[in-house]
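All residue numbers in this chain count up from 1 along the given sequence.
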Amino acid sequence: MASAKEWLPLDGDTLLTSDGFIFNVFGYEHPEDRVFSFLKYIPSKFKDLFNIRLLKRRWRQGDTEFLRAEKLYTAENYRGLLRTFKENLPVYVYFCPFRGKEVIAVPFSCIKRVFVPRDCLQALLKEPNRDKLQELAVKLITLISEASNIPIEDFGLHGSIALNMHGEESDIDIVVYGGDNFRRVEATINKLVGEGLLSYVFKNRLDAVRKYRVKYEGRVLMYTAVRKPEEINVRYGQYCYTPIKPVKFICKIRDDDETMFRPAIYGVECYSPLDQFSELPDEMVPERVVSMIGCYRNVARRGDKIRVSGILEQVKSTQNGKVFYQVIVGSAWGGDEYIWPL
């Protein structure tokens, strides 16, 4: 696994801190000495600090027992986690001057170990004594790699298998590096489903659109996209973000090249407000919708229409002062924020 000193943080990388918390990296814009993250696993010794609903299931890594929030990504949970850290472990709280608010961000000085999905998969491929689930994960990733003609080096493994915390109930979580590779994997999985080697698993309406969850030999696989380093097109501090007001509207997808990543970025046009409070002057009409919530990745393609509820935000370049507008879904303001395909 990578050390923090030589590591370029990418969305979905996993951190084990010196306090024993396990965080997942969020996005690609990070300060020099910290990384924006969300809390994935809580050491059981800290459970009384967190006033959130926890799953009954337990995970273990070595001698440490971990718990997990019932819902990882709600605005209410995020505010609760932020409050808990601020009151008890303030080292994990950071005031971001470019967003004008406090956020959860793990200092590099607190990172004990980094789990990079690509490295986790490579380590598993070399492991001579794989258990049944590990063996199945390798078999499945190899199948997809060969069927899509994408090198296995462009795949990664995350989740409980990558952390060696898996059990009987664990799913197989894989990463595909690169937007073009993701689209090829998407098409390949659709082909494998048609051939009967895989089957789609739809738990809700968004699953049926995203088609990112499949079953193989009785086990569920979920696959997500991570940018390659050369696909990172913005750096921390390049823009200032100022929230303006909640808006609800219908629009059309103009650009879907970055919809598979997190944050998911939808280029949009044909803004049509759904209430009088969402009416905007021409210069403030958003040119993109950005989802911070993972379940709204890849829910629409170019030419599709979507219904959106989120926070209108001004984005200002710190270099030349140029301004554009976007709508954030998953702002942590606490309203009902979503992207629904029409």
Side-chain angles (χ1 to χ4, degrees), residues 1-50 52 54-55 57-69 72-73 77-78 80-96 102-127 131 134 137 156-167 170 173-175 177 224 226 229 232 236 262 294:
M1 311 309 167
S3 69
K5 291 182 180 178
E6 60 189 28
W7 167 59
L8 172 66
L10 298 178
D11 182 64
D13 289 352
T14 301
L15 317 174
L16 173 65
T17 73
S18 52
D19 295 305
F21 293 102
I22 294 178
F23 290 85
N24 277 3
V25 174
F26 181 87
Y28 305 89
E29 297 179 56
H30 306 282
E32 286 187 7
D33 59 349
R34 287 178 176 265
V35 57
F36 296 124
S37 314
F38 60 88
L39 183 61
K40 185 71 179 288
Y41 295 105
I42 301 167
S44 58
K45 66 180 181 180
F46 289 118
K47 67 178 181 180
D48 292 338
L49 297 180
F50 293 88
I52 55 175
L54 299 168
L55 293 172
R57 183 180 171 189
R58 300 291 187 267
W59 288 259
R60 297 198 71 87
Q61 187 182 69
D63 296 329
T64 306
E65 181 185 74
F66 293 92
L67 303 96
R68 209 181 82 185
L72 286 176
Y73 314 115
N77 273 7
Y78 187 84
L81 294 173
L82 188 63
R83 186 166 53 250
T84 294
F85 280 124
K86 189 174 181 179
E87 293 173 355
N88 300 279
L89 294 155
V91 69
Y92 294 109
V93 178
Y94 170 69
F95 180 81
C96 175
E102 290 181 324
V103 293
I104 296 171
V106 178
F108 272 52
S109 60
C110 291
I111 296 174
K112 182 178 180 180
R113 190 174 178 186
V114 178
F115 297 84
V116 176
R118 179 184 274 122
D119 296 344
C120 292
L121 175 57
Q122 291 302 312
L124 186 58
L125 291 170
K126 297 172 185 174
E127 171 58 51
D131 63 30
Q134 291 171 329
L157 184 68
H158 64 170
S160 59
I161 300 178
L163 300 173
N164 201 27
M165 293 167 55
H166 54 286
S170 297
D173 297 290
I174 72 170
V175 160
Y177 289 94
T224 53
V226 170
I232 300 173
Y236 182 70
R262 185 179 59 191

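Residues satisfying the side chain to side chain donor-acceptor pair (under 3.5 Å) criterion with Asp11, sequence neighbours excluded, are Arg262. Taking Glu127 as the reference, nothing meets the salt bridge (charged side-chain N to carboxylate O under 4.0 Å, His left out) condition, with sequence neighbours excluded.
Side-chain contact of Asp131 with His166: a donor-acceptor pair under 3.5 Å is present, judged by distance alone.
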For residues 59-67, which side-chain N or O atoms pair as donor and acceptor with protein atoms under 3.5 Å away, sequence neighbours left out?
{"unit_1": "Arg60", "atom_1": "NH2", "unit_2": "Asp63", "atom_2": "O", "d": "3.1"}
{"unit_1": "Gln61", "atom_1": "NE2", "unit_2": "Leu163", "atom_2": "O", "d": "3.0"}
{"unit_1": "Glu65", "atom_1": "OE1", "unit_2": "Ser44", "atom_2": "OG", "d": "3.4"}

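Considering CE of Met165 and OG1 of Thr14, their distance stands at 10.0 Å, rounded to 0.5 Å. One finds the NZ atom of Lys112 at 10.5 Å from the CD1 atom of Ile22 (value rounded to the nearest 0.5 Å). Between atom CZ of residue Phe50 and atom CG of residue Asn77 there is a gap of 11.0 Å, rounded to the nearest 0.5 Å.
Annotation: side chain of Val25 is in contact with side chain of Leu15 (closest heavy-atom distance under 4.5 Å). A heavy-atom distance below 4.5 Å is not found between the side chains of Asp19 and Pro43. Looking only at side-chain heavy atoms (C-beta outward), Asp173 and Ile161 stay at 4.5 Å or farther from each other. In this structure, the side chains of His30 and Tyr236 stay at 4.5 Å or more apart for every pair of heavy atoms. Side-chain atoms of Phe85 and Leu39, non-hydrogen and from C-beta on, do get closer than 4.5 Å to each other. Within the 4.5 Å cutoff, the side chain of Pro117 has heavy atoms near those of the Asp13 side chain.
The only option from Phe23, Phe26, Trp7 that meets the side-chain contact (heavy atoms from CB on, under 4.5 Å) definition with Val35 turns out to be Trp7.
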